[in-house]
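Start at 1 and go down the list; that is how both ligands and their atoms are numbered.
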Amino acid sequence: MPERSEGDSRKLLRRLRDVLATPAKGQVRLDRITHLIADSMRTEVCSIYLFRDAETLELCATEGLKKAAVHKTRMKLGEGLVGRVAKAGLPVNTADAPSEKGFRYMPETGEELYSSFLGVPIQRVGEKLGVLVVQSKSARRYSEDEIEALDVVAMVLAEMTELGAFGGDGLGALHKQPVLFRGTTGQEGAAEGRVWLHEPRVVVTNPVADDPLTEIDRIRAAVGVLRVSVDDLLEAESLDKDQKAVLEAYRMFAHSRGWLRRMEEDIQRGLSAEAAVEKEQSAARNRLEQVPDAYLRDRLHDLDDLSNRLLRILTGQGKDTGATMPENPVLVARNIGPAELLDYGRKLKGVVLEEGSVGSHAAIVARALAIPLVIHAERITTEALNGDAILVDGDQGVVHLRPEETVARSFRDKIAMQAAAQTRYASLRDLPATTRDGVTVALHMNAGLMADLPSLVGSGAEGVGLFRTELQFLIRNQMPRRDELAQLYSRVMDAAQGRPVAFRTLDIGSDKVLPYMKPQDEPNPAMGWRAIRVGLDKPGVLRMQLQALIRAAKGRPLTVMFPFITEFSEFIEARSATLRELHREKSLGHAVPERLEIGAMLETPSLAYAPQAFFDMTDFISIGGNDLKQFFFAADRENERVRKRYDTLNLSFLSFLEQIVSRCAASNTRLSFCGEDAGRPVEALAFAAMGLRVLSMRPASIGPVKALLRRVDLGQARAVIEEARAAGDSSVRARLMEWLAAQPAS
Ligand code: PEP
Ligand code: MG
């Protein structure tokens, strides 16, 4: 067989483009393509196998195999040589296919006649579409050049698929079929809407190019721009050591000669600059996806990111591709920060992320905005297109993309049932959360945005048990001014109409990084320089915030609490700072609050063992269960793998809460619980059974928690917990659920 040249390859791509440019049905085009490839590669067989569904490949067109097998021959992912190519996303090249591991004999195709086999994946940036195969009778391995040439052809097929060149047949089903994603619940609730991609995919409309020299000039120029922009990133003054190291690796990729050379070779074979970038992106993804090492996987993201940047430079398609946000948008992204999510705000109906974690602040923002959130929906950014129909089931952590009508209908029933439940909860709004045996639990709400405040009246909350002030700092590009903050806090108090609002002073650090503050180089930021530790070490911001709060009160009662107090001395210092500001404001002639309550958040186990004087000095204590739980179980709240191992209803944790209750009772100190668990009805019941009488939660949880508390006898619930304790159970969940199932419905 004669050597293939780059010129041959270009010729083939041009002929391919002509086929695709001629109006014809999808099947006709596929048939012409297999004929063309077999002819150009001088092989007896060329076949195209495409995915029917995520697990099944189907022979969709062939030159050389029996035509009767088309749309009949199917194989599972990983089955036979074709299935192997699809599964690994890598070529298989053999001179003796029948004796190759995994070979599957398919009599209907007549393929036993063919000895040599070369299969390459048809894929587009990590999205597997099918397999392109050539076979010949003579026993020979295909050359590197031939593999490359076939790879380039497969790339063009993948691009044309994306553009819908194969209509309703075969490949046309791509991005049209329903797909189900099983992720993890980030925030409960159900939403129906249309996909809005946070970072839309770049559309390549010209996979084949006639003039390699022009394309090479284009790619070199684009890579030049990319390199300068990455160098600029590294120049930024605010970078710490870790960020620099990561960006150095990023720069290394951007400056990699091998990367540019491979793309130039692809262009010589007839691809456009854009298609060459995507081809290398796909190949790199496949290589690196096999790597279990977390560092290398991060580099995979880097390379992806660089390829996307390069594509944007080449196509001029910025982040804003000109698409308009659909009605009822559901945000789909790989990940998103709290500030970016806040930017979208309440216009979103739901959020679906490929990464993320339940304890992250993006999740907390989603909760604050009461938007259903599903995290860990793997590969959804590859599948979803802007405007696709999407159903988000936050309760089950499931997402239906382009759902069948039957699924959509039953989903709507579910939404309607939830709406009915909300109506039922609304009827409880003005009733107390009093149990059958007469114990009343005060239910407050958590907030962080002005926009949360209307829920105060609607939800029936008795007050705001936690106002997270850092959200105001996170959504800005610079430190907010005192006057701005005072105005905002004042409006919050106005909206609360005399109900108490516990303003938590700035809780930054850990995953809450202010864009305008120098990030810290800390190995364990959750246990690092955060919250009150920053407030005490850099008292300027704390002072400014305290002044803003005092001024905002305009003589009304004021409640302030400090996050992450770990030992008594920190509380003394923070409290003294508050009193100092109070005196200063007074001496300046400003009105001071008629009553000032100063509390501490108990978020580390050590504080539960603080001296009695601490409990005597605090006006109230609020348990920050999210942090307390992560330190109690030594399980990172951001790490899904370990977070899920430990049940809040674990008796050790409940016993610990009970101790805190009794310490507060001894000094008559008001105690509340404001972590996310307070909003889960069964957890809330267990907390009440352990003696907690104030719970603060997101507004949407108040109805369900109240409904449950009102239908149970707390003494009996306590007895169930005691039974579990006596039996040596780890968690009380099983017994409590069983007991609850036997309770009257209302
Ligand atoms: C907590 O830790 O439980 C808490 C309420 O604070 P945050 O979630 O903001 O850290
Ligand atoms: Mg906390």
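Residue R504 has at least one nitrogen or oxygen atom sitting less than 3.5 Å from a nitrogen or oxygen atom of ligand 1, judged on distance alone. Residue L466 has no nitrogen or oxygen atom sitting less than 3.5 Å from a nitrogen or oxygen atom of ligand 1, judged on distance alone.
A side-chain donor-acceptor contact under 3.5 Å links S490 and R556.
Of all atoms in ligand 1, numbered sequentially from 1 with element shown, those under 4.0 Å from a heavy atom of G675 are 3 (O). Taking a cut-off of under 4.0 Å to the non-hydrogen atoms of D507, the atoms of ligand 1 that pass are 10 (O). Listed by number with element, the atoms of ligand 1 under 4.0 Å from a non-hydrogen atom of R637 are 2 (O), 7 (P), 8 (O), 10 (O). Here is the list of ligand 1 atoms found below 4.0 Å of a heavy atom in D627: 1 (C), 2 (O), 3 (O), 10 (O). Atoms of ligand 1 lying under 4.0 Å from any heavy atom of C674, numbered from 1 in the order shown and given with element: 5 (C).
A donor-acceptor distance shorter than 3.5 angstrom exists from the side chain of T566 to the backbone of F564, with no hydrogens or angles considered. R718 contributes a side-chain N or O that, together with a main-chain N or O of A689, makes up a donor-acceptor pair within less than 3.5 Å.
Here R733 pairs with E683 in a salt bridge; the nearest charged N to carboxylate O distance falls below 4.0 Å. Ion pairing between E470 and R504 holds under the 4.0 Å rule for side-chain N and carboxylate O. With respect to R670 and D619, no salt bridge is recorded, no charged nitrogen being found less than 4.0 Å from a carboxylate O.
For R468, every heavy-atom contact with ligand 1 shorter than 4.0 Å involves the side chain, none the backbone.
Applying the 6.0 Å contact sphere to CD of Q422 captures more than 12 heavy atoms from other residues, nucleotides or ligands.
When distances from the Mg ion (ligand 2) to the N, O or S atoms of D627 are compared, OD2 comes out shortest. Atom OE1 is the N, O or S atom of E603 at the shortest distance from the Mg ion (ligand 2).
Ranked by closest heavy atom to atom 1 (C) of ligand 1, the top entry among N626, D677, L628 is N626.
Listed by first and then second residue, the ring pair (Phe, Tyr, Trp, His ring centres under 6.0 Å) pairs involving residues 680-720 are F673-F687 (not counting sequence neighbours).
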